[in-house]
A.B. asks: 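Before I ask anything, here is the structure I am working with.
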Amino acid sequence: MTFQEYIESLFINNIYKVQILDKKIIESNPSFYQKYASLFAKTHKILEKDLSLLDIAGFLYYKATLLTDNLIDEKDFSKFAQITICQEESIKILTSIFSLENNFWSLWNKRRDEYFEAIYLEKQFSKKDIVSLKEYETLADKKSAFGKVAIDALHSIDNRNNAVYQKLLLSHKYFSIAFQLNDDIQDFKNDLIKGQFNWAAYLLKKEIKSNDDPNILEKQLYIKGIAKVIYKKCINYCNKSLKIVENVNVPEWKNVINETKKSFQIAIIEIENYIETLTSDIILSKKTYIENNLKNGITTAIKFVKSKQNKYGSWRDYLNQGGISDIWTTSFILSKISENTKLKSIFQIEISKALIFIKKNKTNSLWGYNTTWIEDADSTNLVLLSLFFNSEEYFSPL
């Protein structure tokens, strides 16, 4: 049974069915929450029917928790009916799987208490001047308490391997810390406005104490390098999470961690691109020229091109959805300065470094917009022209 089939089968007002099944809300959250128990299921013996129900119960309670957080933060009581229905249906499903005497319910109570503790801790952190990373880790773990219910449920059905159970919980903890850190970056501005504790804001305010404008602080979060530092921590926590379960048969869970880790790596690249573009704009905006004529223009242009080549031999420019171009830009400049005999003699050192760079940075057998992008004809043609003008041979493996 799917989540939609379950909701549509309920004897509740159609208005609530539409609200709970709202695609925009469902699709705005990570898809893995819809099948959370299944992420860990290969480590346990469980009936397919029960696993399907656990996935539905987990997603129902996840929705209820999100709406409850919104109720607490925004004082929005309009979703109270949804919260009640989602909680009730989740517990009904779990009661159909676990008897009232089952140890699962003691674990359920433990997770409930952890979640309440998280709400309390978050309020307390907002009043404290100093919060340690260890305290924050505890908060993140407790905030994700109901995510651990999926692991508890599987263990309650098949408790043959307690060591695996403990590994899954610890892996989940590290992942939850990474996820919460990312949330704090994403919610930075809103949390500042609401006065909620936010780790990114906490770190930034230790450096900047004189500005309370959320818009300025949000920019400073990236300019000061704090967002990048946090994303690096996120990656480290993901690595810890993966390490714990490296010998555990949970491929879906590992895939979630790896995909999340990849999103953090992309975020770091985007931050670096933003800072590089911003820095270039600031530097170039300060350049002034007293005398502008052809001779000075050529001399200045040569100096400029030489100065912009980095130590790896590339030139970088043009920011788009693929990032900042290094292969395309390098091969474009290289092809232009190599086809002119006079320029070729002026840029001998730069040409040598650029050739080394493009030879080392093929994507498969061709070249792309930059070193992290797929190959394309435009970039490859410019590279081949550069090689041709410098009498460099290229042997394609195709």
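Since this is a predicted model, take the numbers as computed values, not measurements.
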A.B. asks: Please answer: with hydrophobic residues joined when any side-chain heavy atoms are less than 4.5 Å apart, are Ile97 and Leu100 in the same cluster?
C.D. replies: no
A.B. asks: Is the side chain of Asn370 donor-acceptor paired with the backbone N or O of Asp326 at a distance under 3.5 Å, no angle test?
C.D. replies: no
A.B. asks: Take Leu168 and His44, measure what side-chain contact (heavy atoms from CB on, under 4.5 Å) needs, and give me the verdict at the end.
C.D. replies: CA-CA 12 Å; Leu168 292 179; His44 301 78; 4.1 Å; yes
A.B. asks: For the pair Ser90 (side chain) and Cys86 (backbone), establish whether a donor and an acceptor sit closer than 3.5 Å, ignoring hydrogens and angles.
C.D. replies: no
A.B. asks: Compare every heavy atom of Ala227 with every heavy atom of Ile185, then report the nearest pair and how far apart it is.
C.D. replies: CD1-O, 3.8 Å
A.B. asks: Tell me, with the steps shown, if Tyr369 and Ile374 meet side-chain contact (heavy atoms from CB on, under 4.5 Å).
C.D. replies: CA-CA 7 Å; Tyr369 181 73; Ile374 60 172; over 6 Å; no
A.B. asks: Does a sphere of radius 6.0 Å around CD in Glu48 hold more than 12 heavy atoms from other residues, nucleotides or ligands, not counting ones at 6.0 Å or beyond?
C.D. replies: no
A.B. asks: How close do Ala153 and Phe98 get, heavy atom to heavy atom, and via which atoms?
C.D. replies: O-CZ, 3.5 Å
A.B. asks: Starting at OG1 of Thr329, measure out to CD of Gln309 and round the result to the nearest 0.5 Å.
C.D. replies: 12.5 Å
A.B. asks: Looking at Ile25, is its backbone amide N or carbonyl O close enough to the side chain of Ser28 to form a donor-acceptor pair, meaning the two atoms are under 3.5 Å apart?
C.D. replies: yes
A.B. asks: Would Trp315 and Leu343 show up in the same hydrophobic cluster when neighbours are defined by side-chain heavy atoms closer than 4.5 Å?
C.D. replies: yes
A.B. asks: Grab the two heavy atoms, one from Leu154 and one from Ala37, that are nearest each other, plus how far apart they are.
C.D. replies: CD1-O, 3.5 Å
A.B. asks: Is there a donor-acceptor contact under 3.5 Å from the side chain of Lys254 to the main chain of Val245?
C.D. replies: yes
A.B. asks: Check whether more than 12 heavy atoms from other residues, nucleotides or ligands sit under 6.0 Å from atom CG of Leu133, and answer yes or no.
C.D. replies: yes
A.B. asks: List the atom pairs, donor and acceptor, that lie under 3.5 Å between side-chain atoms in residues 122-132 and the rest of the protein, sequence neighbours left out.
C.D. replies:
unit_1 : atom_1 : unit_2 : atom_2 : d
Glu122 : OE2    : Lys143 : NZ     : 3.1
Ser126 : OG     : Glu122 : O      : 3.2
Ser126 : OG     : Phe197 : N      : 3.2
Lys128 : NZ     : Glu135 : OE2    : 2.8
Ser132 : OG     : Glu135 : N      : 3.1
Ser132 : OG     : Glu135 : OE1    : 3.3

A.B. asks: Contact between Lys240 and Ile177 at the side-chain level, heavy atoms closer than 4.5 Å - yes or no?
C.D. replies: no
A.B. asks: Are a donor atom and an acceptor atom from the side chains of Asn361 and Thr371 found within less than 3.5 Å of each other?
C.D. replies: no
A.B. asks: Quick one: salt bridge (charged side-chain N to carboxylate O under 4.0 Å, His left out) partners of Glu259, sequence neighbours excluded?
C.D. replies: Lys262
A.B. asks: Check side-chain contact (heavy atoms from CB on, under 4.5 Å) between Lys359 and all other residues, then give those that pass, not counting sequence neighbours.
C.D. replies: Leu387, Glu392
A.B. asks: If we only count heavy atoms from C-beta on, is the Asn273 to Arg316 side-chain gap below 4.5 Å?
C.D. replies: yes
A.B. asks: Is a donor from one side chain sitting under 3.5 angstrom from an acceptor on the other, for Ser331 and Trp367?
C.D. replies: no
A.B. asks: Could you state the interatomic distance from CD1 (Ile20) to CG (Leu60), rounded to the nearest 0.5 Å?
C.D. replies: 7.0 Å
A.B. asks: Considering only heavy atoms from C-beta outward, does the side chain of Leu54 approach that of Leu94 to under 4.5 Å?
C.D. replies: yes
A.B. asks: Without swapping roles, check the side chain of Ser9 against the backbone of Tyr6 for a donor-acceptor pair under 3.5 Å.
C.D. replies: yes
A.B. asks: Step by step, would you call Ile351 with Ile337 a side-chain contact (heavy atoms from CB on, under 4.5 Å)?
C.D. replies: CA-CA 8 Å; Ile351 287 172; Ile337 61 178; 3.8 Å; yes
A.B. asks: For Ser171 and Lys167, indicate whether the former's side chain and the latter's backbone hold a donor-acceptor pair under 3.5 Å.
C.D. replies: no
A.B. asks: Under the 3.5 angstrom rule, does the side chain of Thr300 hit a backbone N or O of Gly297 as a donor-acceptor pair?
C.D. replies: no
A.B. asks: Working to the nearest 0.5 angstrom, can you tell me the gap between Ile327 CD1 and Leu334 CG?
C.D. replies: 11.0 Å
A.B. asks: For a quick test of reading the model, state the closest non-hydrogen atom pair linking Trp328 to Ser325 and the distance between them.
C.D. replies: CB-OG, 3.2 Å
A.B. asks: Within a reach of under 6.0 Å around CD1 of Ile349, are more than 12 heavy atoms found that belong to other residues, nucleotides or ligands?
C.D. replies: no
A.B. asks: Look at the side chain of Asp158 and the backbone N and O of Lys45, then say whether any donor-acceptor pair between them is shorter than 3.5 Å.
C.D. replies: yes
A.B. asks: Could you go step by step and tell me if Glu207 and Leu203 meet the side-chain contact (heavy atoms from CB on, under 4.5 Å) rule?
C.D. replies: CA-CA 7 Å; Glu207 288 197 23; Leu203 292 182; over 6 Å; no
A.B. asks: Taking the six-membered ring for Trp, are the ring centroids of Phe40 and Trp253 within less than 6.0 Å of each other?
C.D. replies: yes
A.B. asks: Considering all heavy atoms of both residues, which atom of Thr260 and which atom of Val256 are nearest to each other, and what is their separation?
C.D. replies: OG1-O, 2.7 Å
A.B. asks: Return yes when atom NZ of Lys35 has more than 12 non-hydrogen atoms of other residues, nucleotides or ligands closer than 6.0 Å, and no otherwise.
C.D. replies: no
A.B. asks: Using every non-hydrogen atom in the two residues, find where Ala200 and Leu221 come nearest and quote the distance to one decimal.
C.D. replies: CB-CD1, 3.9 Å
A.B. asks: Is there a chain of hydrophobic side chains (I, L, V, M, F, W, Y, each step under 4.5 Å between heavy atoms) that links Tyr16 to Leu67?
C.D. replies: no
A.B. asks: For atom NZ of Lys243, decide whether the heavy atoms of other residues, nucleotides or ligands shown that lie under 6.0 angstrom number more than 12.
C.D. replies: no
A.B. asks: Rounded to the nearest 0.5 Å, how far apart are CG of Leu204 and CD of Gln220?
C.D. replies: 7.0 Å
A.B. asks: Does some side-chain heavy atom of Leu10 sit less than 4.5 Å from a side-chain heavy atom of Ile7?
C.D. replies: yes
A.B. asks: Would Leu169 and Ile46 show up in the same hydrophobic cluster when neighbours are defined by side-chain heavy atoms closer than 4.5 Å?
C.D. replies: yes
A.B. asks: Indicate, with yes or no, if the rings of Tyr36 and Tyr33 have centres closer together than 6.0 Å.
C.D. replies: yes
A.B. asks: Please answer whether the main-chain N or O of Trp199 pairs with a side-chain N or O of Asp184 as donor and acceptor at a distance below 3.5 Å.
C.D. replies: yes
A.B. asks: Salt bridge (charged side-chain N to carboxylate O under 4.0 Å, His left out), that's the test. Do Glu114 and Arg111 meet it? Break it down for me.
C.D. replies: CA-CA 5 Å; Glu114 286 179 359; Arg111 304 309 175 203; 3.1 Å; yes
A.B. asks: Quick one: pull up OH in Tyr174 and CD1 in Ile257 and give me the separation to the nearest 0.5 Å.
C.D. replies: 12.5 Å
A.B. asks: Is there a side-chain contact between Trp108 and Phe146 (heavy atoms, below 4.5 Å)?
C.D. replies: yes
A.B. asks: Do Glu137 and Lys134 pass the salt bridge (charged side-chain N to carboxylate O under 4.0 Å, His left out) test, and can you show the C-alpha distance, the side-chain angles, and the key distance before you say yes or no?
C.D. replies: CA-CA 5 Å; Glu137 290 176 343; Lys134 190 171 182 180; over 6 Å; no
A.B. asks: Tell me whether Tyr136 shares a hydrophobic cluster with Phe116, the cluster being built from Ile, Leu, Val, Met, Phe, Trp, Tyr side chains joined at under 4.5 Å.
C.D. replies: yes
A.B. asks: Looking at Thr68 and Ala64, would you say the former's side chain and the latter's main chain have a donor-acceptor pair under 3.5 Å?
C.D. replies: yes
A.B. asks: Would you say Phe3 and Leu21 make side-chain contact, with heavy atoms under 4.5 Å?
C.D. replies: yes
A.B. asks: Can you tell me how far apart SG (Cys234) and CZ (Phe179) are? Round to the nearest 0.5 Å.
C.D. replies: 10.0 Å
A.B. asks: Considering residues, nucleotides and ligands other than Lys306, do more than 12 of their heavy atoms fall under 6.0 Å from its NZ?
C.D. replies: yes
A.B. asks: State, yes or no, whether a side-chain contact exists between Tyr115 and Lys142 at a heavy-atom distance under 4.5 Å.
C.D. replies: no
A.B. asks: Is there a side-chain contact between Val305 and Phe347 in this structure, where contact means two heavy atoms from C-beta onward sitting under 4.5 Å apart?
C.D. replies: yes
